[in-house]
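Some notes on the structure that comes next.
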Amino acid sequence: MKLCFFHSLQNPLPQRLYLPFKPKTLPTHLPDSAKHIQTSAQVTTDAQTTPVLSSVQKGNFLPTSISYSKLLSQCAASKSVGVGMEVHAHIIRFGCSGDRSLRNHLINFYSKCRFFRHARKLVDESTEPDLVSWSALISGYAQNGLGKEALSAFHEMHSLGVKCNEFTFPSVLKACSITRDLVLGKQVHGIALLTGFESDEFVANTLVVMYAKCGEFGDSRRLFDAIPERNVVSWNALFSCYVQSDSYGEAMDLFQEMILSGVRPNEYSLSSIINACTGLGDGSRGRKIHGYMVKLGYESDSFSANALVDMYAKVKGLEDAISVFEKIAQPDIVSWNAVIAGCVLHEYHDWALQFFGQMNGSGICPNMFTLSSALKACAGLGFEKLGRQLHSFLIKMDTESDSFVNVGLIDMYCKCEMIDEARVLFNMMPKKEMIAWNAVISGHSQNGEDIEAASLFSEMYKEGIEFNQTTLSTVLKSTASVQGVKFCEQVHALSVKTGFQSDMYVINSLLDTYGKCGKVEDAARIFKGCPTEDVVAFTSMITAYSQYEQGEEALKLYLQMQQRGNKPDSFVCSSLLNACANLSAYEQGKQIHVHILKFGFMSDAFAGNSLVNMYAKCGSIDDADRAFSEVPQRGIVSWSAMIGGLAQHGHGKRALNLFNQMLKDGVSPNHITLVSVLCACNHAGLVTEARKYFESMKELFGVVPRQEHYACMIDLLGRAGKINEAMDLVNMMPFQANASVWGALLGAARIHKNVELGQHAAEMLLALEPEKSGTHVLLANIYASAGMWDNVAKMRRIMRDGQVKKEPGMSWIEVKDQVHTFIVGDRSHSRSREIYAKLDELFDLMYKAGYAPMVEIDLHDVEQSEKQRLLRYHSEKLAVAFGLIATPPGVPIRVKKNLRVCVDCHTAFKFICKIVSREIIVRDINRFHHFKDGSCSCGDYW
């Protein structure tokens with residue numbers, strides 16, 4: 001075939017056959033094998049050449065040019081460097097070094113064995129090196145990946161007027177492929193075209209490869225189509241290039257075309273096409289190719305077997321990969337690398353190290369890829385000592401300058417929690433590339449050193465090192481952990497400036513970071529601008545809404561996610577359950593439970609624990625108990641959620657029994673579990689039990705009491721009337737009391753009408769949290785209960801003059817998948833008339849049953865009748881009335897309140913539950929109240 005862009009080359013060629021190539025600078029130091037190529041040729045002898053060598057040494061060898069040539073060819077084929085060198089010395093001793101044929105065999109031998117200094121010296125010493133000499137040298141360079149050196153030798157040969165033949169052209173074109181020198185490749189093609197060698201099978205195949213590897217697949221395919229008789233080598237040449245350039249689909253199509261044309265694939269065809277299946281992630285096709293390979297009798301071929309091991313490990317299953325590996329008679333380094341890397345990929349790190357040990361026992365020496373996989377396995381298992389041994393081995397291999405190995409070591413040390421060793425290694429690197437920075441930044445982030453991770457990124461940016469989406473995602477993860485809003489905004493601006501704002505990894509990291517920093521509106525803006533909203537983006541946004549009490553938005557977003565065809569994962573379901581828990585949306589929580597069953601997430605720990613938490617916080621402790629019993633592997637989070645749920649519902653004894661069962665099962669409590677245990681004692685008034693757990697938690701469980709443990713204990717003692725003991729505990733605390741502690745004492749002062757304690761606790765609380773209105777209200781209630789109305793008026797005046805606004809009471813109730821919100825005196829609801837009519841009806845019945853409104857708790861400066869009206873229309877009463885008219889008879893009514901339920905509402909609900917024969921479940925800021933048959937589960941202790 002004659003391509004049009006070579007037409008202009010044809011006219012000048014009769015005057016000068018060779019084009020004026022651009023001169024290439026010859027290297028001052030020609031590479032020898034030991035340094036330039038990682039695996040040097042071994043100076044060994046071969047079984048085939050040893051008998052001949054013995055004859056040479058004993059003087060029984062009859063030297064002839066033919067015998068020397070044959071022996072050198074054998075040495076080149078077997079890479080028997082020692083024998084070849086002795087033969088060379090023998091040739092010199094017998095005065096045969098001037099023989100041109102022998103010199104060419106020597107050049108070929110040294111080139112094939114990667115001893116290029118010797119080969120080059122023989123060429124330079126020749127008065128007129130011929131085409132065979134140059135071809136041997138160029139071929140040696142090209143076969144060993146030294147494209148630049150091959151082209152330099154070709155240029156020198158060309159300048160001497162030595163013409164190429166069908167053996168030289170393939171080597172020169174291969175060198176053009178290695179260097180991606182398309183311009184020179186086209187020129188060489190022109191010469192081959194005009195000298196008639198383009199039709200040669202080897203030249204044509206090499207041209208196909210050269211154009212493909214230089215990215216010119218159109219020209220490559222046209223050349224391929226012009227080959228008159230395409231054999232399997234021609235087909236292999238093209239589709240192997242497609243595979244190497246990640247054009248796997250085109251490679252598969254070409255393979256199918258080859259089969260249909262009647263050309264039988266060989267082992268190289270099959271190994272290439274298996275690699276294409278790997279690239280496509282198509283295990284089904286890969287298995288079919290495997291069957292075809294067995295049918296053709298190539299299952300014992302090492303190339304094909306290695307490709308199969310790699311394919312099964314990456315796209316099918318590790319068991320299949322190991323099965324193929326075990327059938328390889330003599331696995332080579334590629335076989336071992338494939339199976340070890342497969343084990344690491346599937347996180348069977350112990351298996352990876354077992355195979356690594358077997359490989360060493362078989363006598364195969366590991367290379368960089370083997371050791372890199374072994375380091376990952378050590379990192380996965382936290383095997384610090386073995387990791388250090390591998391590091392020592394790498395030092396002996398002289399790999400300090402290999403950035404790939406150094407990054408593997410940094411990663412290993414970081415994952416073994418040896419961040420100082422990782423930093424030493426990083427600091428010693430002469431040239432720190434992006435991948436090394438990413439590894440060490442990620443290491444600090446993984447080890448909880450988030451400030452250091454962010455600082456390193458700043459340093460990286462100042463030094464002008466390029467970064468990628470991995471860098472930004474890692475830094476944003478650390479930023480989220482420390483809630484560094486300003487730094488997050490800077491990273492966001494940088495991502496926009498550098499064009500990463502449209503990368504989904506960065507978008508999802510920004511969503512997560514803004515969400516965890518409480519910037520839900522900023523996260524929502526980013527989410528709306530997503531080019532494609534994937535399940536990770538939805539998860540981040542739903543989680544942000546759930547964490548910051550925007551549960552309704554989270555549930556709306558889930559509906560949108562379903563409409564767009566995105567299948568949820570266990571993390572989405574877990575976040576949605578938390579949203580339902582915060583809203584006390586029992587019915588919607590049950591629907592999410594159905595989805596968890598549908599998608600098979602019941603075995604997931606996150607989903608199971610969230611179910612327990614959701615049912616407990618939605619007021620159904622029995623459902624929570626059932627969900628807890630179905631958690632397959634109960635960890636500390638599962639036990640803590642159930643114990644905490646029982647505590648909130650006032651089942652103190654059950655909570656303590658479950659805690660003891662947890663200890664019997666061998667699960668050690670953490671500080672959160674012990675807070676739940678103390679809360680259980682608190683809600684049930686179990687002072688003795690609480691004192692026992694509090695005093696022994698450090699000795700028995702190794703948990704040092706924190707502020708929250710002291711707050712629970714002080715609250716318990718205060719509620720029980722043990723004021724002096726509570727104050728003693730405050731005074732002996734090893735740290736300053738926080739708002740929780742003083743809040744507990746203020747609550748105790750309210751219960752026991754202790755004005756002096758109330759004033760002191762309120763004074764301390766106002767110093768810590770001056771903006772909180774609850775302190776003023778509670779102190780005013782204490783004054784009111786003690787009949788100190790002047791002080792009540794004074795507190796009202798302080799609140800008015802200081803513009804302290806009482807936090808409005810709000811209540812929520814879920815009916816038919818919709819959450820309804822009420823505030824005191826609210827008439828905005830569509831069914832307000834019915835709600836107020838129901839309340840009036842209930843109050844008439846309550847008055848007849850002996851109810852009397854507790855007007856003394858209302859601090860408004862109004863008449864008694866107005867106080868009665870305000871109490872009647874508290875938000876929780878409105879929510880309960882709506883529940884009675886909007887839900888079927890007999891169904892429990894579940895209400896959530898943002899503040900502590902007031903005494904009057906608590907009393908009213910005891911009357912209402914008996915009048916209507918319905919259970920009323922109220923979740924206030926402290927606990928659950930189950931009103932049933934005229935009494936409350938809290939026993940009026942809350």
Side-chain angles (χ1 to χ4, degrees), residues 542 545-547 549-556 558 572-597 601-602 606-631 637-638 640-651 654-655 676 679 683 810-822 875-876 879-880 882-884 886-888 890-899 901 909 913 918-932 936-938:
I542 288 170
Y545 282 136
S546 301
Q547 284 178 339
E549 297 184 358
Q550 296 186 40
E552 292 178 67
E553 292 299 321
L555 292 168
K556 286 178 188 175
Y558 180 56
V572 171
C573 292
S574 179
S575 294
L576 288 166
L577 288 170
N578 290 335
C580 294
N582 292 332
L583 289 169
S584 286
Y586 176 71
E587 293 300 328
Q588 293 188 68
K590 286 203 295 185
Q591 290 180 25
I592 303 300
H593 189 175
V594 170
H595 286 200
I596 287 172
L597 291 166
F601 298 142
M602 281 306 295
F606 288 101
N609 295 338
S610 297
L611 271 174
V612 174
N613 180 59
M614 182 275 294
Y615 280 125
K617 288 187 175 177
C618 286
S620 182
I621 198 66
D622 292 336
D623 286 329
D625 196 18
R626 277 191 290 272
F628 175 74
S629 67
E630 291 173 6
V631 175
V637 177
S638 314
S640 296
M642 192 62 215
I643 292 168
L646 289 168
Q648 280 192 318
H649 285 267
H651 300 295
R654 281 179 65 188
S676 296
C679 284
H683 291 317
M810 297 178 70
S811 296
W812 296 266
I813 183 171
E814 180 199 21
V815 176
K816 295 180 180 178
D817 295 340
Q818 185 177 353
V819 177
H820 300 259
T821 307
F822 295 92
S875 64
E876 54 264 57
V880 168
F882 174 66
L884 288 170
T887 59
V891 173
I893 294 169
R894 305 171 193 277
V895 174
K896 180 188 174 186
K897 176 79 186 286
N898 67 327
L899 304 175
V901 64
F909 292 152
C913 73
R918 302 265 298 264
E919 183 181 7
I920 300 171
I921 303 166
V922 179
R923 172 186 167 192
D924 71 5
I925 196 170
N926 290 324
R927 63 174 296 159
F928 278 90
H929 301 265
H930 292 257
F931 297 94
K932 192 173 182 180
C936 179
S937 60
C938 72

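Numbering of residues begins at 1 and proceeds along the displayed sequence.
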Starting at [atom1] of [X], measure out to [atom2] of [Y] and round the result to the nearest 0.5 Å.
X: L611; Y: H593; atom1: CG; atom2: NE2; answer: 4.5 Å
X: K617; Y: K896; atom1: NZ; atom2: NZ; answer: 8.5 Å
X: D817; Y: L555; atom1: CG; atom2: CG; answer: 9.0 Å
X: Q550; Y: L583; atom1: CD; atom2: CG; answer: 10.5 Å

*Y615 vs K590, side chain to side chain contact (heavy atoms under 4.5 Å, CB included): CA-CA, chis, key distance, verdict*: CA-CA 9 Å; Y615 280 125; K590 286 203 295 185; 3.6 Å; yes

Minimum heavy-atom separation for [X] to [Y], with atom names?
X: S546; Y: S575; result: OG-O, 3.0 Å
X: N578; Y: S610; result: OD1-OG, 4.0 Å
X: I643; Y: S676; result: CG2-CB, 3.8 Å

*Test F822 against W812 for side chain to side chain contact (heavy atoms under 4.5 Å, CB included), laying out the working first.*
CA-CA 6 Å; F822 295 92; W812 296 266; over 6 Å; no

*Checking H649 side chain against A616 main chain: does a donor-acceptor pair fall under 3.5 Å?*
yes

*Okay, side chain of N613, backbone of A641: is any donor-acceptor separation there less than 3.5 Å?*
no

What I'd like to find out is whether the side chain of [X] reaches to under 4.5 Å of the side chain of [Y], using heavy atoms alone.
X: F909; Y: E876; result: yes
X: S584; Y: R894; result: no
X: V895; Y: I813; result: yes
X: H595; Y: Y558; result: yes
X: K897; Y: S875; result: yes
X: Q588; Y: V819; result: yes

*asked:* Looking only at the aromatic ring of each residue, does the gap between the centers of F882 and H820 stay below 6.0 angstrom?
replied: yes

_Of I921, V922, V880, the residue whose pairing with F931 passes side chain to side chain contact (heavy atoms under 4.5 Å, CB included)_ = V922

*Parallel, tilted or perpendicular for H930 and F928, by the 30°/60° rule?*
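H930 vs F928 ring planes: tilted.
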
_M642 vs D625, side chain to side chain contact (heavy atoms under 4.5 Å, CB included): CA-CA, chis, key distance, verdict_ = CA-CA 7 Å; M642 192 62 215; D625 196 18; 3.9 Å; yes

*Kindly indicate, with the supporting measurements, whether the criterion side chain to side chain contact (heavy atoms under 4.5 Å, CB included) is fulfilled by S620 and C618.*
CA-CA 6 Å; S620 182; C618 286; 5.7 Å; no

